[in-house]
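Atoms within each ligand, like the ligands themselves, are counted from 1 in listed order. Just so you know, these numbers come straight off a predicted model, no measurement behind them.
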Amino acid sequence: MAKLAIYPGSFDPVTLGHVDIVKRSLTIFDEVIVLIAESAQKKSLFNVGERRELLQEAFKKEKRVTLDTWKGLLMDYAAQKKACAIIRGLRAVSDFEYEFQMAAMNKRLNRKIDTFFMMTSEDYYFVSSHLVREVAKLGGALKNIVPPHVEKKLKEKFRQ
Ligand code: PNS
């Protein structure tokens, strides 16, 4: 049976850190679903449709990657898809507490599905969508931090 993993997140917007995690995940799992988990609490820069388009372009060559969006519990989605794993990237110790709690809660919700953490590559350990949005807003360059089409879209967004 194909090993399917879910890579959930806000992806507001997708960064090269995210792309790196997905590519490395494909060396372990047969298929990866990149899942835009919609959050009512978080105010986003890009709407879900825009985030999906940016992800689509980023992974257009990866035949084993599919995209989806979801408003409910991540573990309900994962069970419905018969996924065996959740993937999350870890950049620094500061990520750990939040990720540890989320993984523990998810495990409580469904014992059959494990969370797998991947250390972010050294090129991207400082990259977060939050900082990307801030740098873009203030006119900074984001080459080698986000894919070129994302940088272009960010420039357009803040020119409006
Ligand atoms: O990129 P982010 O914002 O750090 O991703 C967080 C995300 C989307 C993975 C998390 O908020 C999530 O799983 N949301 C779906 C709703 C859910 O299942 N919440 C309970 C988590 S224990």
Side-chain angles (χ1 to χ4, degrees), residues 3-26 28-29 31-59 62 64-137 142 145-147 149-151 153-154 157:
K3 283 196 289 268
L4 168 69
I6 315 277
Y7 181 43
S10 304
F11 305 107
D12 185 32
V14 58
T15 69
L16 288 178
H18 296 129
V19 173
D20 174 63
I21 295 281
V22 171
K23 285 190 173 159
R24 286 161 56 210
S25 299
L26 287 170
I28 299 159
F29 299 100
E31 285 168 45
V32 173
I33 297 177
V34 178
L35 183 70
I36 304 170
E38 294 185 51
S39 163
Q41 282 104 335
K42 272 195 182 174
K43 206 182 161 301
S44 62
L45 173 65
F46 292 104
N47 66 39
V48 172
E50 290 172 318
R51 282 183 266 162
R52 196 179 174 130
E53 274 175 27
L54 293 175
L55 282 162
Q56 222 141 27
E57 179 64 24
F59 295 113
E62 300 289 354
R64 291 185 291 137
V65 172
T66 51
L67 302 178
D68 208 353
T69 56
W70 182 249
K71 275 187 180 159
L73 268 181
L74 171 63
M75 293 316 257
D76 287 345
Y77 179 88
Q80 187 185 300
K81 291 285 172 186
K82 297 191 173 25
C84 63
I86 303 296
I87 300 161
R88 293 286 287 171
L90 274 183
R91 287 163 300 201
V93 179
S94 52
D95 282 346
F96 183 80
E97 184 70 28
Y98 169 61
E99 295 295 338
F100 181 67
Q101 284 181 4
M102 222 162 39
M105 180 62 89
N106 282 335
K107 187 78 182 172
R108 194 55 81 85
L109 292 169
N110 189 331
R111 296 234 154 252
K112 289 185 192 151
I113 304 172
D114 260 305
T115 302
F116 289 78
F117 294 104
M118 254 187 198
M119 295 305 296
T120 302
S121 303
E122 65 270 23
D123 289 340
Y124 307 118
Y125 71 91
F126 59 93
V127 175
S128 69
S129 297
H130 167 75
L131 282 184
V132 160
R133 292 194 299 272
E134 187 165 322
V135 170
K137 190 176 174 186
L142 289 162
I145 291 176
V146 296
H149 70 282
V150 175
E151 189 172 17
K153 192 84 183 172
L154 281 163
K157 194 72 151 180

Problem set entry | Parallel, tilted or perpendicular: rings of Tyr7 and Phe11 (30°, 60°) | perpendicular
For this session: Within a distance under 4.0 Å of any heavy atom of Leu74, pick out the atoms of ligand 1 and give their elements.
Result: 13 (O), 17 (C), 18 (O)
Exercise. Which ligand 1 atoms, with their elements, are less than 4.0 angstrom from a heavy-atom of Met102?
Worked result: 10 (C), 21 (C), 22 (S)
Exercise. To the nearest 0.5 Å, what is the distance between CG (Leu109) and NZ (Lys107)?
Worked result: 11.5 Å
For this session: Measure the NE2-CD1 distance between His18 and Ile87 for me, rounded to the nearest 0.5 Å.
Result: 12.5 Å
Take atom [atom1] in [X]; do more than 12 heavy atoms of anything else shown fall under 6.0 Å from it?
| X | atom1 | answer |
| --- | --- | --- |
| Phe126 | CZ | yes |
| Phe117 | CZ | yes |
| Arg111 | CZ | yes |
| Lys81 | NZ | no |

Do any nitrogen or oxygen atoms of [X] come within less than 3.5 Å of a nitrogen or oxygen of ligand 1?
| X | answer |
| --- | --- |
| Met105 | no |
| Asn106 | no |
| Glu99 | no |

Exercise. Considering only protein heavy atoms, which is closest to atom 2 (P) of ligand 1, and at what distance to one decimal place?
Worked result: Ser10 OG, 3.6 Å
Problem set entry | Which residue and heavy atom of the protein sit nearest atom 12 (C) of ligand 1, plus the separation | Ala37 CB, 4.5 Å
Seminar exercise, completed: Looking at Gly72, Gly89, Ala104, the heavy atom closest to atom 15 (C) of ligand 1 belongs to Gly72
Exercise. Heavy-atom distance to atom 19 (N) of ligand 1: which of Leu73, Ile36, Ile6, Asp95 wins?
Worked result: Leu73
Exercise. For ligand 1, does Tyr98 get within less than 4.0 Å through its side chain, its backbone, both, or neither, judged by non-hydrogen atoms?
Worked result: side chain
Exercise. Heavy-atom contacts under 4.0 Å between Arg88 and ligand 1: side chain, backbone, both, or neither?
Worked result: side chain
Exercise. Given Ser121, which of Val127, Leu16, Ile21, Asp20 fulfils the side chain to side chain contact (heavy atoms under 4.5 Å, CB included) condition?
Worked result: Asp20
